[in-house]
Amino acid sequence: MSLEISIIVPDRIFWRDNAKEIILPTLTGQMGVLKGHIPLLTGLDTGLVLIRKEIGGNWIGVVVTGGFALVNNDKITILVNEAELGSDIKQDEAEAAFLSLKSELEIVSDEKKKIEISSQFKKARVRLVWLISSNKNKIRK
């Protein structure tokens with residue numbers, strides 16, 4: 001038996017499948033979940049959800065922005081504002097967004113705008129980190 005994982009965005013079920021393990025970007029750091037995990041509800045930060053369908057297999061990366069995860073009876077329900085499969089991220093777009101938002105963040109002075117750009121920058125950074133880490137793994141194989 002394995003974990004039953006559902007990732008839900010506001011308008012649809014984004015991803016649903018079974019897996020052997022998952023790593024969640026909680027508000028207090030990364031948290032791994034395996035079969036038999038105790039029930040819990042946790043807040044999620046903008047970050048990478050890492051899913052491995054089989055032990056020793058490749059990780060599937062999903063970039064998420066804020067939400068919650070419920071773990072109960074080997075079912076994990078993830079409710080997030082946005083989700084994007086790591087395999088759908090285009091390197092040139094990710095790099096351009098990261099650099100643009102970094103520059104914008106350095107010059108913005110309005111606090112409300114700074115918070116908004118900071119949130120977008122955090123997501124751009126996570127997208128780029130996924131690309132870099134997944135490319136390193138391809139090179140090692």
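Since the model is a prediction, treat every value here as computed from it, not as a measurement.
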**Message:** Under the criterion side-chain contact (heavy atoms from CB on, under 4.5 Å), I'd like the reasoning laid out for Arg125 against Thr46: C-alpha separation, chi angles, the key distance, then a yes or no.
**Reply:** CA-CA 10 Å; Arg125 184 178 58 216; Thr46 295; over 6 Å; no

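Within the 4.5 Å cutoff, side-chain heavy atoms of Pro25 are placed close to those of Val49. With contacts defined as side-chain heavy-atom distances shorter than 4.5 Å, the pair Leu48/Trp59 does not qualify. Between Val129 and Phe98, the closest side-chain pair of non-hydrogen atoms is not below 4.5 Å. In this structure, Ile78 and Ile22 have side chains that are in contact, with non-hydrogen atoms separated by less than 4.5 Å. Side-chain contact between Ile7 and Ile51: present, with at least one pair of heavy atoms (C-beta onward) separated by less than 4.5 Å. Lys123 places none of its side-chain heavy atoms less than 4.5 Å from the side chain of Leu101.
No more than 12 heavy atoms of other residues, nucleotides or ligands lie within 6.0 Å of CD in Gln30, so this atom counts as exposed by the packing criterion.
The distance from the CZ atom of Arg52 to the CD1 atom of Ile23 is 7.5 Å, given to the nearest 0.5 Å. To the nearest 0.5 angstrom, Glu21 atom CD is 10.5 Å from Ile76 atom CD1. The structure places CD1 of Ile107 at 10.5 Å from NZ of Lys114, a figure rounded to the nearest 0.5 Å. Between atom CG of residue Leu79 and atom CG of residue Leu41 there is a gap of 9.0 Å, rounded to the nearest 0.5 Å. In this structure, the separation between CD1 on Ile89 and CG on Leu131 is 5.0 Å, given to the nearest 0.5 Å.
Taking the salt bridge (Lys or Arg N to Asp or Glu O under 4.0 Å) definition, one finds that Lys102 meets it with nothing, sequence neighbours left out. For Thr77, the side-chain hydrogen bond (donor to acceptor under 3.5 Å, both in side chains) test picks out no residue, with sequence neighbours left out.
In terms of heavy-atom proximity, Asn18 sits nearest to Ser2 at CB-OG, 3.4 Å.
Judged purely by atom type and a 3.5 angstrom limit, Asp74 uses its side chain to pair as donor or acceptor with the backbone of Gly36.
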